[in-house]
Participant: 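Here it is: the structure, laid out below.
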Amino acid sequence: MNRVSFIFVGLLCTLAVSWWGLVLVPQFHLGSQQPVAVPGSSQTYPAPRLGLATRGQEVYRANGCFYCHTQQVRATGLAPEFQTTNAIVRYLGADIERGWGQRLSVARDYLRDQPVMIGSRRVGPDLTNIGMRRPNDPVQANLLWHLRHLYDPPSVAEGSAMPAHRFLFDQRRVQPGQSVNTNELAWVDLDTRLEIVPKPEAVALAFYLFSLEVNVPLYEAPLPAPPGVTADLSASAAPLGNGPVP
Amino acid sequence: MTLVPPGTPGSTAPTAGSSSADGHRRVLAQIDVACRFPVILLFSGALLWLAVGTALALVSFVELHAGEVLANCAWLAYGRVRPAAWNSVIYGFASQAGLGVALWIICRLGRVSLVGAAASGTAALFWNLGVCVGVIGILAGYSTGLEGLEMPGYVGPILFLAYLPIAVGALVTFHARQERGLYVSHWFLLAGLFWFPWIYSTAHLLLVCKPVRGAAQIVINGWFLNNLRELWLTPLGLAAVFYFLPKLVQRPLHSRYLAMFTFWLLVLSGSWGGLSIGLPLPRWITALSTAASLGMLLPVLAVAVNCYRTWRAGACAKPCSPALSFILGGTASYVLAGFLRAADAFAPVHDITRLTCFAEAYGLLTSFGFVTMVFAGAIYLVLPRLTRQGWAAPALVKAHWLLTIFGLALGTLALAVGGVLQGLALNDPAVAFDQVSRTTAPFLRAASLAVLLLALGHVAFLYNLSWTLIRWLRCAVPMRALLVAESEPATGGVNS
Amino acid sequence: MKPDPARTESPGPDEVEPTVGSGPLPAWLVLLALVFFYWAQVFVDRHDGEFAAGVYSPFTSLRDLKLANRELGRNVLALGRELFTTKGCLACHQANGQGIPGQFPPLAGSEWVLAAEPGRIIRIALNGALGEIQVKGQTYNNVMFPLRELLTDEELAAVLTCIRKEWGNNAPAVKPERVKDVREKTKNQFTPWNPAELLNVPEEE
């Protein structure tokens, strides 16, 4: 270890090997992935986000939402009978049981994200499928929920520790005689009697959050069948897969 | 009469008062004076960013449990303050302090004056400019959204160009060394100086400039973050530990073989670790990375054994200098953080601690424990050599140490225990999420208190440095003298 | 008391640069390293998913993934067809389900296959058949190989469902639980069924 050339060569080789293994090969495996056809429909997945949701993703990035919220659902296991009796695949894991997703998250789910913000801390709940957590509410109610949550989290999510993001909203005095519903996505704060109107960034962010759902079956992450279905013969059989689509 | 060259095992010092001792002292003083400009600039910038970063970290921790406080201020939203704090501490403080210490160690070990000190000093100014622009950019909402690389894209080239003169100066100085033998610290410094530009440019190109598609970003981001910590900050810190610990206890470092073991295993496992099980990646990636993360335990153990044996063999039964307390505290933090990190990679533990604040426990211990304490100890030792004056407020040094130790102990314990409890609650689907938040809240409050203690310690450090430097500059050391050292002959081996 | 190196303002007369000793590498550390490298190899081998790009935890291999993708309800017919081919049914009963006259009975239009309850054909499938059997007015006297040890409940259910739905047949699907039930009931049957005896077993059983 007294020769600089020996150390230098050793460092170079180690760096090159690690660069090959963790930069180059994953780029081959993952960087060239393409959207795939959704079985039984004419759509591809993941579909590009609409304009407002894309801008919402930029707001998500600028405000660092991913420091508290993750977008990765994990399945810790497969149901025990899967290995031995070819039963229908069923995922185990707290994320699945909490209803945060029907299947594990895989690389293809992040194809349209720039940058990929999967988060590394769960100060708040996982957001992978937040867009479908309130399936019984109409669209406007869903968006309003997200906006009210951003403005004052404990008002819609009891016990929430999320800091309020009131800088994303304007507060206007309600003019006498003015109809308070001039903007569909505004509401009146009952305590202060002010009309809370979201800024364009807040609306974009709400649209982005509402667009988050990934419960589409993929070869590498099939959706489990609903409980009780075994030899159900609806429609014609789908062709047997030959491997993951590259 | 020749000077006793350092690095000779068992060399005895010349008796005080002899002319060779004076010559020896003069040579070292000349070396110290020659690297004044860049090193003092780097240290000053570092401490400024340490104070700023710890203050921002305090704000972020407070916001986690007192969310109403800054609701109207976009610039202080949690999602902006947290990355600003992290970038300030890592790029602003740790990188600069590490570079300053690296330059000084290379000069001293090689018994040669720093080459290109003016260029390095100017580069240090640009580094600070880059970090400043970056942190303001993050707070203004222009973060890139990539963990560890949040500073806006245009900052990358600034940092890279500021890095080059400093690294090149260090390498040229190293090449011109009078003492040809390599000491342990040299290996680590070479590793760090070589590694940083490669990982930073790769990450910047593939994630910021021409981003790769999809989940490949997750892999490269995780690779970069792990390499930044294990192969940029850790080698700089370990180089400082292996230099200052033997120097302060006045004994040789215990084992060369342990140091080699540390070096190669650090390089191997540090370059592969960092991606944990549970990430939405093909499982071979996380399998390899987990094995490497667990392998990090080996160099950590080797460092522990080496440093412990060295310290026990030392002359003082208890630390007799504040610098030594900091170095020892930093080493202990490194070892403890290494254990916690390896535990977190271990699957049964990871299933509980995944995505909780447990990771912040060893993150705190690494950045505010290992890196900060080791470089603080180094700065406390080096600065008097450069200014030829003592510290202005020696009492604040002790206060800094106490505040740091208490802050680290409280913070690590709170975040580790809180993380485990949070993980247990998250893994139980019957526990509603607001209950999970309530479980974690008291631990986050304790962690905020811990960061407050750390912040006070760092402010004391900055105050001490500022007062010392102002006093030194006012003591009529004309600006000219800062650069006079450039024209003195770079020497070793002065005969008298 | 030696001068405090941190407090002196200039390098002391005895300030030397640090040196490194030649203490030994502890044996336990070397042993730990070797144990670690062995463990790492085993760990990666078990968890690498054959280094395939599509294998995500908790799936362990491409085979797992293939199994998972063929087991959704709507794939049962395809599974049944594949097994019909690969497990040798096709060799005797033919691809058109007509069998070979005089040798192997047909499945298309067979009253055994189309029975409302599948108890008898499950028994034949599990234990095989040996002896005279009347199918669609013709008599056949041949042997059928037992499939008890060759197919799981799900696979048997899939094949039987397939023959009950192909070639113009349309009888209710066979559920794996039914097959499991019959398998349990006939666990002490070690010889092939004589079709005449089988007629004494009610088909609901």
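Hydrogens, waters and symmetry mates play no part in the numbers below; they use all other heavy atoms, side chains included. First the proteins, then the strands, lettered A, B, ... as listed; each starts at 1. Computed from a predicted model, the values in this text were never measured in an experiment.
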Participant: Short question: side chain of B:Gln422, backbone of A:Arg122 - any donor-acceptor pair under 3.5 Å?
Facilitator: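 Present.
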Participant: Considering only heavy atoms and a distance below 4.5 Å, find which of B:Leu426, B:Asn427, B:Val267 pairs most often with chain A.
Facilitator: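 With the most close heavy-atom pairs to chain A, the winner is B:Leu426.
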Participant: Who in residues 17-26 of chain A is close to chain B, using a strict under-4.5 Å heavy-atom cut-off?
Facilitator: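 Expected list: A:Val17, A:Ser18, A:Trp19, A:Gly21, A:Leu22, A:Val23, A:Val25, A:Pro26.
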Participant: Nearest 0.5 Å, what's the CG-CE distance between B:Leu64 and A:Met162?
Facilitator: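 If I round to the nearest 0.5 Å, the distance is 12.0 Å.
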Participant: Would you mind checking which part of A:Thr14 comes under 4.5 Å of any heavy atom in chain B, side chain (CB onward), backbone (N, CA, C, O), both or neither?
Facilitator: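 Both backbone and side chain of A:Thr14 come within 4.5 Å of chain B.
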Participant: Do the side chain of A:Arg112 and the main chain of B:Gly214 share a donor and acceptor less than 3.5 angstrom apart?
Facilitator: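 Between the backbone of B:Gly214 and the side chain of A:Arg112 there is no qualifying donor-acceptor contact (under 3.5 Å).
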Participant: Please classify the contact between B:Leu288 and chain A as side chain, backbone, both or neither, with a heavy-atom cut-off of under 4.5 Å.
Facilitator: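 Neither the backbone nor the side chain of B:Leu288 comes within 4.5 Å of chain A.
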Participant: Go through the atoms of A:Leu104 and report whether side chain, backbone, both or neither lie under 4.5 Å from a heavy atom of chain B.
Facilitator: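 Neither part.
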Participant: So which part of B:Phe263 gets closer than 4.5 Å to some heavy atom of chain A, the side chain, the backbone, both or neither?
Facilitator: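 Contact with chain A: side chain only.
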Participant: Check A:Arg61 against B:Gly145 and note the closest heavy-atom contact, atom names and distance.
Facilitator: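 That closest heavy-atom pairing would be CG-CA, 3.6 Å.
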Participant: Where on B:Phe194 is there a heavy atom nearer than 4.5 Å to chain A: the side chain, the backbone, both, or neither?
Facilitator: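 Contact with chain A involves the side chain of B:Phe194 alone.
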Participant: Once rounded to the nearest 0.5 Å, what's the spacing between atom CZ of A:Arg3 and atom CZ of B:Arg180?
Facilitator: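 Output value for this atom pair is 11.5 Å.
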Participant: So what's closer than 4.5 Å to chain B heavy atoms on A:Phe28: side chain, backbone, both or neither?
Facilitator: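 Neither part; nothing is under 4.5 Å.
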Participant: To the nearest 0.5 Å, what is the distance between CG on A:Leu15 and CG on B:Leu231?
Facilitator: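 Reported to 0.5 Å precision, the distance equals 8.5 Å.
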Participant: Report which part of B:Phe224 has an atom under 4.5 Å of a heavy atom belonging to chain A: side chain, backbone, both, or neither.
Facilitator: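 Answer is neither: B:Phe224 stays 4.5 Å or more from chain A.
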Participant: For A:Val106, is it the side chain, the backbone, both or neither that has a heavy atom under 4.5 Å from a heavy atom of chain B?
Facilitator: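 Backbone only.
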Participant: Between A:Tyr67 and B:Tyr78, does the ring centre distance come in under 6.0 Å?
Facilitator: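 No, ring centres 6.0 Å or more apart.
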Participant: For the residue pair A:Val116 and B:Gln217, what are the closest heavy atoms and their distance?
Facilitator: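 Where A:Val116 meets B:Gln217 most closely, the heavy atoms are N-OE1, 2.9 Å.
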Participant: Looking at A:Phe66 and B:Glu147, what are the two nearest heavy atoms and their distance?
Facilitator: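 Answer, listing the atom of A:Phe66 first, then B:Glu147: CE1-CG, 4.0 Å.
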Participant: Using a cut-off of under 4.5 Å for heavy-atom pairs, which of B:Ala430, B:Gly423, B:Pro211, B:Ala77 has the most such pairs with chain A?
Facilitator: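 Highest number of heavy-atom pairs under 4.5 Å: B:Pro211.
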Participant: Looking only at heavy atoms and a cut-off of under 4.5 Å, which of B:Ala140, B:Ala259, B:Ser143, B:Ala359 has the most pairs with chain A?
Facilitator: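 Of B:Ala140, B:Ala259, B:Ser143, B:Ala359, B:Ser143 has the most heavy-atom pairs under 4.5 Å with chain A.
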Participant: Where on A:Leu168 is there a heavy atom nearer than 4.5 Å to chain B: the side chain, the backbone, both, or neither?
Facilitator: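 Neither part, no heavy atoms under 4.5 Å.
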Participant: In terms of heavy-atom pairs under 4.5 Å, which option from B:Tyr142, B:Phe174, B:Trp195, B:Tyr183 contacts chain A the most?
Facilitator: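 Ranked by heavy-atom pairs under 4.5 Å with chain A, first place is B:Trp195.
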Participant: So which of A:Pro115, A:Pro154, A:Ala157 has the biggest tally of heavy-atom pairs under 4.5 Å with chain B?
Facilitator: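 Of A:Pro115, A:Pro154, A:Ala157, A:Pro115 has the most heavy-atom pairs under 4.5 Å with chain B.
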Participant: Counting only non-hydrogen atoms closer than 4.5 Å, does B:Asn221 touch chain A with its backbone (N, CA, C, O), its side chain (CB onward), both, or neither?
Facilitator: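 For B:Asn221, neither part sits under 4.5 Å from chain A.
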Participant: Report which part of B:Glu150 has an atom under 4.5 Å of a heavy atom belonging to chain A: side chain, backbone, both, or neither.
Facilitator: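 Side chain only.
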Participant: Taking atom CH2 of B:Trp198 as the centre, does the number of heavy atoms from other residues, nucleotides or ligands within less than 6.0 Å exceed 12?
Facilitator: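 Atom CH2 in B:Trp198 is not packed in, count stays at 12 or less.
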Participant: Give, for atom CZ of A:Arg121 and atom CD of B:Glu360, the distance between the pair rounded to the nearest 0.5 Å.
Facilitator: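 Rounded to the nearest 0.5 Å, the CZ-CD separation comes to 4.5 Å.
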Participant: Heavy-atom distance under 4.5 Å to chain A: side chain of B:Arg82, backbone, both or neither?
Facilitator: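 For B:Arg82, the side chain is the part near chain A, not the backbone.
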Participant: I'd like to know whether B:Asp351 forms a side chain to side chain contact (heavy atoms under 4.5 Å, CB included) with A:Arg74, so could you lay out the CA-CA distance, the side-chain angles of the two residues, the decisive distance to 0.1 Å, and finally the verdict.
Facilitator: CA-CA 11 Å; B:Asp351 282 344; A:Arg74 182 184 176 207; 3.1 Å; yes
Participant: Provide the closest heavy-atom pair for B:Pro280 versus A:Gln72 in the form atom of the first, atom of the second, distance.
Facilitator: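 Distance-wise, the nearest heavy atoms are CD-OE1, 3.9 Å.
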Participant: Answer with side chain, backbone, both or neither: which region of A:Val73 has an atom nearer than 4.5 Å to a non-hydrogen atom of chain B?
Facilitator: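 For A:Val73, neither part sits under 4.5 Å from chain B.
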Participant: Atom CG of A:Leu11 and atom CH2 of B:Trp264: how far apart are they, to the nearest 0.5 Å?
Facilitator: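 A:Leu11 atom CG to B:Trp264 atom CH2 measures 5.0 Å (nearest 0.5 Å).
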Participant: Given a strict heavy-atom distance threshold of 4.5 Å, which part of B:Thr202 is in contact with chain A: side chain, backbone, both, or neither?
Facilitator: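 Side chain only.
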Participant: Side chain, backbone, both or neither: which part of B:Ile218 has a heavy atom under 4.5 Å from chain A?
Facilitator: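 For B:Ile218, the contact with chain A is made by the side chain alone.
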Participant: Shortest non-hydrogen contact from B:Pro429 to A:Glu97?
Facilitator: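 Smallest heavy-atom distance, with atoms named: CG-OE1, 3.3 Å.
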Participant: Can you say whether B:Ala432 sits under 4.5 Å from chain A via the side chain, the backbone, both, or neither, judging by heavy atoms?
Facilitator: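 The backbone, not the side chain.
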Participant: Among A:Leu12, A:Asp113, A:Val59, single out the residue with the greatest number of heavy-atom pairs under 4.5 Å to chain B.
Facilitator: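 Top option by heavy-atom pairs under 4.5 Å: A:Leu12.
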Participant: Quick check on the interface: out of B:His186, B:Arg438, B:Arg354, B:Arg256, who has the most heavy-atom pairs with chain A under 4.5 Å?
Facilitator: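 If we count pairs closer than 4.5 Å to chain A, B:Arg354 comes out on top.
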Participant: Check the orientation of B:Trp284 and A:His29. Use parallel for under 30°, tilted for 30 to 60°, and perpendicular for over 60°.
Facilitator: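 B:Trp284 and A:His29: perpendicular rings.
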Participant: Under 4.5 Å from any heavy atom of chain A, what part of B:Val208 do you find: side chain, backbone, both or neither?
Facilitator: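 For B:Val208, there is no contact with chain A at all, as no heavy atom is under 4.5 Å.
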Participant: Which value, rounded to the nearest 0.5 Å, describes the distance between B:Ile277 atom CD1 and A:Thr76 atom OG1?
Facilitator: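 Interatomic distance, B:Ile277 CD1 to A:Thr76 OG1, rounded to 0.5 Å: 12.0 Å.
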Participant: In terms of heavy-atom proximity below 4.5 Å to chain A, should B:Ser437 be classed as side chain, backbone, both, or neither?
Facilitator: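 Side chain of B:Ser437 only, per the 4.5 Å heavy-atom cut-off to chain A.
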Participant: Between B:Gly278, B:Gly274, B:Ser60, which shows the greatest number of heavy-atom pairs under 4.5 Å with chain A?
Facilitator: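 Winner by heavy-atom pair count: B:Gly278.
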Participant: Tell me, side chain or backbone of B:Leu275 under 4.5 Å from chain A's heavy atoms, or both, or neither?
Facilitator: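 Side chain only.
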Participant: Write down the atom of B:Val212, the atom of A:Gln114, and the distance for their closest heavy-atom approach.
Facilitator: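 Distance-wise, the nearest heavy atoms are O-OE1, 4.3 Å.
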Participant: Given a strict heavy-atom distance threshold of 4.5 Å, which part of A:Asp109 is in contact with chain B: side chain, backbone, both, or neither?
Facilitator: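 A:Asp109 has no heavy atom closer than 4.5 Å to chain B.
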